[in-house]
Protein chains: 2
Amino acid sequence: MAEDYVELIAELIETRGEARPVEIAERLGVKPPTVTKNISRLKAAGLVRREPYRAIFLTDAGQDLAEICRRRHRVVVAFLLSLGIDEETAERDAEGIEHHVSGTTLEAFERRLNQK
Amino acid sequence: MAEDYVELIAELIETRGEARPVEIAERLGVKPPTVTKNISRLKAAGLVRREPYRAIFLTDAGQDLAEICRRRHRVVVAFLLSLGIDEETAERDAEGIEHHVSGTTLEAFERRLNQK
DNA sequence: GTAAAAAGTTAGACATGGCTAACTTATCTA
DNA sequence: TAGATAAGTTAGCCATGTCTAACTTTTTAC
Ligand SMILES: [Mn+2]
Ligand SMILES: [Mn+2]
Ligand SMILES: [Mn+2]
Ligand SMILES: [Mn+2]
């Protein structure tokens, strides 16, 4: 959960200027109360900083995690695409697969991408 | 959860003759009460048949699912190995990845395996 | 500047999947 | 065949992640 959230928050800040619960809910396909609760957990975990009713920010730890996750996400999607999988499917599968790809496997994916 | 359980139950029946909670608990790294509870759920879902204190059997639906999962598991592991990943890591990563691999992606994996 | 709309939160429920402690049943062994 | 051991279950707890209904705060539009 945390991985998808920080990944998305970083992306929203980058593309929209700020991360709002309503956007997060839409993008993740969950309802606003779910986002509120999960953001609280991220805050408790030291990954985000935020005041009630205000936008959401990443802490340094959150930014670090987001960086790792976004990079990994990109690699997994690129790898699936390189196998001839359509974009829809690549994105959908990557969203789940990414959370189970070890550093070793990620490197293997990258190696394969570079040598083509 | 169901996928890992039926997969393992099928394997235990094949290699050990029967599937027992104590084995399942060890293999999945959970405690026996967790297995009891989850087997009840599988029974409610129509995937297994069983009497208290007796071995666990798969229903036809359970066997069908097990077949699909075992085949998919084998393909994912083989695919990771073909990327040069060590067996430990391939098995560990596959155990998570398999649940997020769509039919489309599985076919892409197989294609890649066959053409090498 | 107020009223309506949108966004966000709180409370409380539910399902899933873990655990420990205590108990029951089955199996083994002397 | 009893007693000990192993296996399995039950009860009750917890964390995670989802939801709806109702409420509060903020933003927008007039
Ligand atoms: Mn994801
Ligand atoms: Mn992702
Ligand atoms: Mn698995
Ligand atoms: Mn598996």
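All heavy atoms count here, side chains included; hydrogens, waters and symmetry mates do not. Just so we're on the same page: letters track the sequence lines, and every chain starts at 1. Predicted model only: the values in this text are computed from it and were never measured.
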Earlier contact from the 5' end, DNA chain D, for S40(B) and R54(A): S40(B)

Starting at CG of L47(A), measure out to OH of Y5(A) and round the result to the nearest 0.5 Å. 13.0 Å

Go through the structure and list residues passing side-chain hydrogen bond (donor to acceptor under 3.5 Å, both in side chains) with [X], not counting sequence neighbours.
{"X": "D86(A)", "value": "T89(A)"}
{"X": "R70(A)", "value": "E14(A)"}
{"X": "E95(A)", "value": "none"}
{"X": "R49(B)", "value": "none"}

Listed once per pair and sorted, the ring-ring contact (aromatic ring centres under 6.0 Å, His included) pairs that draw on residues 24-77 of chain B, sequence neighbours left out: none

Which of residues 12-23 of chain B sit near DNA chain C, with a heavy atom under 4.0 Å from it? none

Which residues in residues 45-53 of chain B have at least one heavy atom lying under 4.0 Å from any atom of DNA chain C? Y53(B)

For E7(B), the salt bridge (charged side-chain N to carboxylate O under 4.0 Å, His left out) test, sequence neighbours excluded, returns none

Side-chain donor-acceptor pairs of residues 24-32 of chain B under 3.5 Å, sequence neighbours excluded:
from	atom 1	to	atom 2	distance (Å)
R27(B)	NH1	E11(B)	OE2	3.4
R27(B)	NH2	E11(B)	OE1	3.4
R27(B)	NH2	E11(B)	OE2	3.1

Any side-chain heavy-atom pair from D4(B) and L8(B) closer than 4.5 angstrom? no

Are V75(B) and V101(A) linked, directly or through other ILVMFWY residues, by side chains that come within less than 4.5 angstrom of each other? yes

Decide whether M1(A) and I68(A) are clustered together by the hydrophobic rule: side chain heavy atoms of Ile, Leu, Val, Met, Phe, Trp, Tyr closer than 4.5 Å, transitively. no

Note: contacts of residues 31-38 of chain A with DNA chain D (heavy atom, under 4.0 Å) are K31(A), P33(A), T34(A), K37(A), N38(A)

Sequence neighbours left out, cut at 3.5 Å: what donor-acceptor pairs do the side chains of residues 102-113 of chain A make with other protein atoms?
from	atom 1	to	atom 2	distance (Å)
S102(A)	OG	T105(A)	N	3.3
S102(A)	OG	T105(A)	OG1	3.3
S102(A)	OG	D93(B)	OD1	3.4
S102(A)	OG	D93(B)	OD2	2.6
T105(A)	OG1	D93(B)	OD2	2.5
E110(A)	OE1	R71(A)	NH2	3.2
E110(A)	OE2	R71(A)	NH2	2.8

Counting distance only, does the side-chain N/O of R50(A) pair as donor-acceptor with the main-chain N or O of R54(A) below 3.5 Å? yes

Length of the CD1-P vector between I39(A) and dG17(D), whole Å: 12 Å

Heavy-atom contact window of chain A on DNA chain C, given 5' to 3' at under 4.0 Å: dG8(C) to dA13(C)

